[in-house]
Amino acid sequence: SVVGLVSQATIFFYAPHSVSHARPVPYNGGLVIIEGNNLGHDTSSAAIIVNVNGKPCVDPVVNIPSIQIRCRVGAGVGSDLPVSVRVGGQLAPVYSSFFYWNATAVVVNQVSQPSTTGGVITITGSGYDNDASGISVNINGRSCTNVAMVIPSISFTCIMPSGNGGALIPVRVSVTDRNNFNDQNTAFSYLAPSITSISPVDTTGGIITIQGDSFGAASSAITINIGQFACVSPVIVQPHKIVTCSLAPGVGVNLKVNMTVGGQTNGMIIPTLFSYNQPSITSISSPSTQGGSVTISGSSFGSSSFVSSISIIIGGRPCANIAILVPHTQLSCDYLVQGSGRLTVTMTVATSPLRAQSLSSLSYAAPPILEVMQRPFTSGSYITVTGINFGTDASLIVLEVGSFGRCTDMIMIVPHTTLKCYAPPGYGTPQLSIIVDSISSSSTSSYSLSYV
């Protein structure tokens, strides 16, 4: 008033206040820090009233005059929750971005295994919230990138770089939730190597090619053993997919293949098996019908170190005293069975549990004629014939006298060397030809018979 005059009444207001941020709290509640402008200077709770999601935030106190206040909120869940602040009776515009962050432990229950090429893995557990941008993953010091939520708070994917090995700890999953950081360690491993094919080699050994997956990209991380034989000097031909190595000389079928990459071995459930090439026979010498030494040539026979694993059966009977003449390609054995004709030969190398076999045939030596003791009459007569490899069974012998026919009434005088028969009528000097159990004399050992 001025000189008794009273002015018109005017309402006064402090500048309006506003809330710019309300810091989140754990799901079990806690102190909420509220920031903004013109939030007052009075530290008494009577001047400040705060509600979070419709519930009182108790014990409000001015932390920084006009700028920051705090109060305590109870337990809750959710995001984008409203915060209302009333200071001195004035209500600020509602702040609608408050949330409770998940303060439970970040737990990793399961991590899927990628190939050594790397790639997408899935991590399953709990405490991940629903915002992939707040998740970071570190496995054995390497980042798993491009995190993408699969099931909010339960599982997500990320991209793991290439590598190898198993039980690579720690797996660290960090959930920041803007203000929070938790982690939990667990085990992770790349897939163990798996083999789809192995090229065979002869018993001489040599370079083999192994194809499959999860072989890694570093040959130094690979060791390969096949049965009791080492396959050394592994070389990565195609990273993660194809490897070669040099296999030692050996023998065997269905040998277990152990390929270890970064400490992980293939075939822990279903083993991978390898077989050296089975023996192949290219030639067999012919023994006398009295039996004798036989020389067998071919490939994949093994060496003297494995001679005890070789078995040779000729005509159902064993060939004894096997000896390696040339490693892997030639051997000899003693077939001390009298006989004639052709016999099946079965050669077995490296027996347990299955056998690598080669089938061939053997012929006893040809039966050359050396001499005819008596010249036959033109009207026919008995003759005595000497030679070798006639066998022991006269009924298996056929003696042709040129075009005049066969010598009949065959009698074995001395097994293998001397026989007697009746020559058919004839004349001149016809050629004699003899067949013993389907084996004929060679053309270079022909004999001319002279009639009287």
Side-chain angles (χ1 to χ4, degrees), residues 116 164-166 191-282 296-313 322-333 346-359:
T116 57
N164 63 72
L191 287 171
S194 61
I195 298 173
T196 56
S197 68
I198 307 177
S199 63
V201 291
D202 284 350
T203 57
T204 52
I207 301 298
I208 65 171
T209 299
I210 303 175
Q211 299 189 53
D213 197 11
S214 274
F215 295 167
S219 58
S220 60
I222 300 174
T223 58
I224 303 169
N225 288 283
I226 298 178
Q228 72 269 38
F229 309 110
C231 199
V232 298
S233 304
V235 175
I236 299 289
V237 176
Q238 180 180 337
H240 313 287
K241 299 292 185 181
I242 302 176
V243 173
T244 62
C245 60
S246 180
L247 181 61
V251 297
V253 296
N254 285 358
L255 302 176
K256 186 176 180 180
V257 180
N258 288 322
M259 180 179 187
T260 302
V261 178
Q264 288 188 287
T265 303
N266 70 294
M268 300 306 290
I269 299 176
I270 302 176
T272 301
L273 303 177
F274 169 86
S275 298
Y276 284 90
N277 281 330
Q278 70 176 21
S280 175
I281 297 174
T282 56
I296 303 176
S297 299
S299 61
S300 226
F301 294 171
S303 64
S304 297
S305 301
F306 307 106
V307 69
S308 62
S309 69
I310 302 173
S311 170
I312 300 171
I313 304 297
I322 298 171
I324 298 293
L325 303 179
V326 180
H328 310 289
T329 61
Q330 192 176 76
L331 55 78
S332 66
C333 62
T346 303
M347 180 177 179
T348 303
V349 177
T351 60
S352 181
L354 298 175
R355 295 174 177 257
Q357 296 183 335
S358 178
L359 297 177

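Model, not experiment: these values are computed from the prediction.
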**Student:** Testing the basics here: between Ser275 and Pro200, what is the closest heavy-atom pair and its distance to 0.1 Å?
**Tutor:**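 Heavy atoms only, the tightest pair is O-CB, 3.9 Å.
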
**Student:** If you measure from CD1 on Ile313 to SG on Cys333, what distance do you get to the nearest 0.5 Å?
**Tutor:**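 So the CD1 of Ile313 and the SG of Cys333 are separated by 9.5 Å.
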
**Student:** With a 4.5 Å limit on heavy-atom distance, are the side chains of Ile310 and Leu331 in contact?
**Tutor:** yes

**Student:** Carefully, step by step, assess Ile312 and Ile322 under the rule side chain to side chain contact (heavy atoms under 4.5 Å, CB included).
**Tutor:** CA-CA 8 Å; Ile312 300 171; Ile322 298 171; 4.0 Å; yes

**Student:** With rounding to the nearest 0.5 Å, note down the distance linking CG in Leu247 to CG in Asp202.
**Tutor:**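 It is 11.5 Å, given to the nearest 0.5 Å.
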
**Student:** To check you understand the geometry: which heavy-atom pair defines the closest contact between Ile324 and Ser304, and what is its length?
**Tutor:** CB-OG, 3.6 Å

**Student:** Within the distance-only criterion (no hydrogens, no angle test), does the side chain of Ser233 pair as donor or acceptor with the backbone N or O of Ser246 below 3.5 angstrom?
**Tutor:** no

**Student:** Within a strict 4.5 Å, meaning less than it, do heavy atoms of the Ile210 and Phe215 side chains meet?
**Tutor:** yes

**Student:** Show me the pairs that pass salt bridge (charged side-chain N to carboxylate O under 4.0 Å, His left out) and involve residues 213-222, at least two apart or across chains.
**Tutor:**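 For residues 213-222, and leaving out neighbouring residues, the salt bridge (charged side-chain N to carboxylate O under 4.0 Å, His left out) pairs sorted by first residue read Asp213-Lys241.
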
**Student:** Do Thr272 and Met259 have side-chain heavy atoms sitting under 4.5 Å apart?
**Tutor:** no

**Student:** Closest heavy-atom contact between Leu273 and Lys256?
**Tutor:** CD2-CA, 4.0 Å

**Student:** Measure the spacing between OG1 of Thr348 and CD of Gln278 and express it to the nearest 0.5 Å.
**Tutor:** 10.0 Å

**Student:** Would you please name every residue forming a side chain to side chain donor-acceptor pair (under 3.5 Å) with Thr260, sequence neighbours left out?
**Tutor:**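 For Thr260 the side chain to side chain donor-acceptor pair (under 3.5 Å) partners, ignoring immediate neighbours, are Thr265.
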
**Student:** Taking the side chain as everything from C-beta on, heavy atoms only, tell me whether Ser194 gets closer than 4.5 Å to Asn266.
**Tutor:**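 They are not in contact (no side-chain heavy atoms under 4.5 Å apart), so the answer is no.
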
**Student:** Just grab all the salt bridge (charged side-chain N to carboxylate O under 4.0 Å, His left out) pairs involving residues 299-308, residues at least two apart or on different chains.
**Tutor:** none

**Student:** Nearest 0.5 Å, what's the CD-OG1 distance between Gln211 and Thr196?
**Tutor:**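 The distance works out to 5.5 Å.
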
**Student:** Would you call Phe274 and Val201 a side-chain contact if the rule is heavy atoms closer than 4.5 Å?
**Tutor:** yes

**Student:** Going by heavy atoms in the side chains, are Pro249 and Thr204 under 4.5 Å from each other?
**Tutor:**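 They are not in side-chain contact.
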
**Student:** Gln264 and Pro193: which non-hydrogen atoms are nearest, and at how many Å?
**Tutor:** O-CD, 3.4 Å

**Student:** Any side-chain heavy atom of Ser299 sitting closer than 4.5 Å to one from Asn277?
**Tutor:** no

**Student:** So, do Cys245 and Ile208 sit near enough that their side-chain heavy atoms are less than 4.5 Å apart?
**Tutor:**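 Cys245 reaches Ile208 side chain to side chain.
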
**Student:** Sequence neighbours excluded and cut-off under 3.5 Å, please list the side-chain donor-acceptor pairs for residues 217-228, or say none.
**Tutor:**
none

**Student:** Could you walk me through whether Phe229 and Tyr276 pass ring pair (Phe, Tyr, Trp, His ring centres under 6.0 Å), step by step?
**Tutor:** CA-CA 11 Å; Phe229 309 110; Tyr276 284 90; 5.7 Å; yes

**Student:** If the condition is side chain to side chain donor-acceptor pair (under 3.5 Å), which residues does Ser300 pass it with, not counting sequence neighbours?
**Tutor:**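 For Ser300 there are no side chain to side chain donor-acceptor pair (under 3.5 Å) partners, ignoring immediate neighbours.
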
**Student:** Name all residues meeting the side-chain contact (heavy atoms from CB on, under 4.5 Å) criterion together with Leu325; count only those two or more places apart in sequence or in a different chain, and write none if there are none.
**Tutor:** Thr295, Gln330, Ser332

**Student:** Taking His328's backbone N and O only, do any of them form a donor-acceptor pair with Thr203's side chain (distance below 3.5 Å, no angle check)?
**Tutor:** no

